[in-house]
Each structure stands twice: as C-alpha cells, then as structure tokens.
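Notes for the one structure printed next.
Positions are given from 1 along the sequence.
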Amino acid sequence: MNWKHLFHRCFIKLKRDRFQKKFGKIDKTSSFGENGYGDTCTIEGHSGIIIGKECRFGRQCEIIVYNEEAPSKVRLQIGDDVRATSRCRITCAECITIGNHVLLAPDVFITDHNHGMDPTLECGYARQELITKPVQICDGAWIGQRASVLPGVTIGEHSIIGANSVVTHDIPAYSIAAGSPARVFKRWNFKSNRWERVDNESTE
C-alpha cells in the first residue's frame, strides 16, 4: 500500500469537508479549485451561497457575497452542472441566480451591483451606497471569455454571449448576442433547426 498516496487522499477529503461546511448549501459533488476545496480560489460570504450538483469552478475563481449575516436577503444561487473554467469573478450584493448546465468561459465577470454615482459627494464613489438589481442566467446559457454581465440583466435559456461582450440589457432565450453593449444578432429557428441572423435588433 502506498501510504503517502493514502495520506494525501485523506488530507484532500478533510479539506473538502471543512470547505463545504462553510456554505449555506453545497452538494458534495461540486468543487472549487484544483483539488476541490477552494485552493487557488477566493470565496467570501459562504453562508449566502447555495450550489447544486456536479458544479466545477476552476483555478483563481473569485466569488464574493456581501452581508452574509443576512443570507435571506443576499444570496448567490447556482444550479446543477455549472462549469466555470478559470478566473471567473462573481460579486453579489442582492441576488444572482445561475441555472442548470451553464457554461462560464475564462475571465467572465458577473455582478448585481454598482456604486452610487453622485459626483457632488465628498466621500467619492467608493463609499457611496451600492445600487443593486438582481441578475439571472437561465438554464443552458454559455457566457464567452472575458464577457461582463451587469446588474439587472436576465440572460435567457440556451443563449450564447460572445467573448468580450458587455451585457447591459436582457437577452432573450435561444439567442446569440455580442458586442458592447451586447446585441442579439442570431436566434435559433426551431423549424429549420439552425441559427439565423437577426438584423438590427436591439436587446432593450
């Protein structure tokens, strides 16, 4: 028997068990980091986070939920089989909901809040009260590399957001959107079973 290998497995299991107990709720099949216990990742506000089955968050992901003492009001809810490859950043001050089978490419940024923008206050912008609007990413969506999803946005089921896009408005289901701000340029046609171009359509 390889005692060194056995010790390593026990060490990893212990770290994962301790890590998972911090969350409001997390399925044991879900993991963060290379070894599954949040290694290389930054996670704050664990008690306000709910995570489903078979979720995988890769290296250097950063997830922050503010005001974890009030998880009933501040919550990040992630469904089943959500995959975030690396360096995903999610910051939640009110409510972010991510559905099942969602794919998050590297360097995706998702937030439900922004600082106040009153230029007359001496405190500057950093100390102004946060402005929050819930965010929802529906089942089967795919968010491309370095895309940003901003407060108040709903991304419909099975939609695709192109790389480097900034999503400022709702994106309908079964759509492809890209740009800054992101706009729909294709939709899935169920009759022809293919993506078809949509000309000059606004996502507002």
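Residues passing the side-chain hydrogen bond (donor to acceptor under 3.5 Å, both in side chains) test with Arg87, sequence neighbours excluded: Asp107. Legend: residues meeting salt bridge (charged side-chain N to carboxylate O under 4.0 Å, His left out) with Lys25, ordered by chain and number and at least two apart, are absent. Under the rule for a side-chain hydrogen bond (donor to acceptor under 3.5 Å, both in side chains), the partners of Thr91 that lie at least two apart in sequence or sit in another chain are Thr111. Among residues two or more places apart in sequence or in another chain, the side-chain hydrogen bond (donor to acceptor under 3.5 Å, both in side chains) test is passed with Asp39 by Asn35. The salt bridge (charged side-chain N to carboxylate O under 4.0 Å, His left out) test applied to Glu122 returns no partner, not counting sequence neighbours. Judged as a salt bridge (charged side-chain N to carboxylate O under 4.0 Å, His left out), and not counting sequence neighbours, the contacts of Arg83 are Asp81. The salt bridge (charged side-chain N to carboxylate O under 4.0 Å, His left out) check on Arg9 picks up nothing, with sequence neighbours excluded. Asn114 is linked by a side-chain contact (heavy atoms from CB on, under 4.5 Å) to nothing, counting only residues two or more places apart in sequence or in another chain. Residues forming a side-chain contact (heavy atoms from CB on, under 4.5 Å) with Thr40 (at least two apart in sequence, or on another chain): Arg59. Partners of Glu54 according to the side-chain hydrogen bond (donor to acceptor under 3.5 Å, both in side chains) rule, which considers only residues two or more places apart in sequence or in another chain, are Arg56. Applying the side-chain contact (heavy atoms from CB on, under 4.5 Å) criterion to Arg197, with sequence neighbours excluded, gives Phe185, Lys186, Asp199.
A salt bridge does not link Asp17 to Lys21: none of the charged side-chain nitrogens sits closer than 4.0 Å to a carboxylate oxygen.
Checking Arg146 against Asn164 by side-chain atom types alone, a donor-acceptor pair falls below 3.5 Å.
Note on Ile12: it clusters hydrophobically with Phe23, by side-chain heavy-atom contacts below 4.5 Å among ILVMFWY residues. Hydrophobic clustering of Ile, Leu, Val, Met, Phe, Trp and Tyr side chains at less than 4.5 Å, counting indirect connections, keeps Leu150 apart from Val167. Residues Val166 and Ile171 fall into different hydrophobic clusters, defined by Ile, Leu, Val, Met, Phe, Trp and Tyr side chains chained together at heavy-atom separations under 4.5 Å. Hydrophobic cluster membership is shared by Trp195 and Phe190, with clusters built from Ile, Leu, Val, Met, Phe, Trp and Tyr side chains linked at under 4.5 angstrom. Linking ILVMFWY residues whenever their side-chain heavy atoms come closer than 4.5 Å, directly or via other members, places Val184 and Ile137 in the same cluster.
Side chains of Ile161 and Val149 form no contact here, defined as non-hydrogen atoms less than 4.5 Å apart. Contact check for Ile49 versus Ile43: side-chain heavy atoms found under the 4.5 Å cut-off. A heavy-atom distance below 4.5 Å is not found between the side chains of Ile155 and Val102.
Once rounded to the nearest 0.5 Å, the distance linking CD of Gln60 with CD of Glu34 reads 11.0 Å. Note: Ile26 CD1 to Cys55 SG = 8.0 Å, rounded to the nearest 0.5 Å. Considering OG1 of Thr29 and CD1 of Ile51, their distance stands at 10.5 Å, rounded to 0.5 Å. Remark: Phe32 CZ to Arg16 CZ distance equals 11.0 Å, nearest 0.5 Å. Of the inter-residue distances, the one linking Leu103 atom CG with Ile160 atom CD1 reads 9.5 Å to the nearest 0.5 angstrom. Note: Ile90 CD1 to Glu62 CD = 10.5 Å, rounded to the nearest 0.5 Å.
Side-chain N or O atoms of Asn100 include one that pairs as donor or acceptor with a backbone N or O of Asp80 at under 3.5 Å. In terms of modelled atom types and a separation under 3.5 Å, the side chain of Gln128 and the main chain of Cys123 share no donor-acceptor contact. Within the 3.5 Å criterion, the main-chain N or O of Ala93 finds a donor-acceptor partner in the side chain of Asp112. Side chain of Ser180 to main chain of Ser165: no donor-acceptor pair is present (N/O by atom type, distance under 3.5 Å, no hydrogens or angles). At least one donor-acceptor pair closer than 3.5 Å links the side chain of Ser159 to the backbone N or O of Ser175.
The minimum heavy-atom distance linking Glu94 with Lys133 is given by the pair OE1-N, 3.7 Å. Minimum heavy-atom separation, Ser30 to Gln20: O-NE2, 3.2 Å. Annotation for Ala105 and Gly144: closest pair CB-C, 3.6 Å, computed over non-hydrogen atoms. Residues Phe19 and His46 approach most closely at CE1-NE2, 4.2 Å, considering heavy atoms. Across Gly116 and Ile131, no two heavy atoms sit closer than the pair CA-CD1, 3.9 Å. Closest of all the heavy-atom pairs between Ala147 and Gly162 is CB-O, 3.9 Å.
The residue from Val82, Ile143, Leu104 that alone fulfils the side chain to side chain contact (heavy atoms under 4.5 Å, CB included) condition with Cys88 is Leu104.
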Next item on the list: Apply the test side chain to side chain contact (heavy atoms under 4.5 Å, CB included) to residues Asn193 and Trp188: give CA-CA distance (whole Å), side-chain angles for both, the deciding distance (0.1 Å), then the verdict.
Entry: CA-CA 7 Å; Asn193 283 324; Trp188 182 258; 4.1 Å; yes

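Sorted by first and then second residue, the ring pair (Phe, Tyr, Trp, His ring centres under 6.0 Å) pairs involving residues 109-166 (not counting sequence neighbours) are Tyr66-His113, His158-Tyr174.
No more than 12 heavy atoms of other residues, nucleotides or ligands lie within 6.0 Å of CD in Glu129, so this atom counts as exposed by the packing criterion.
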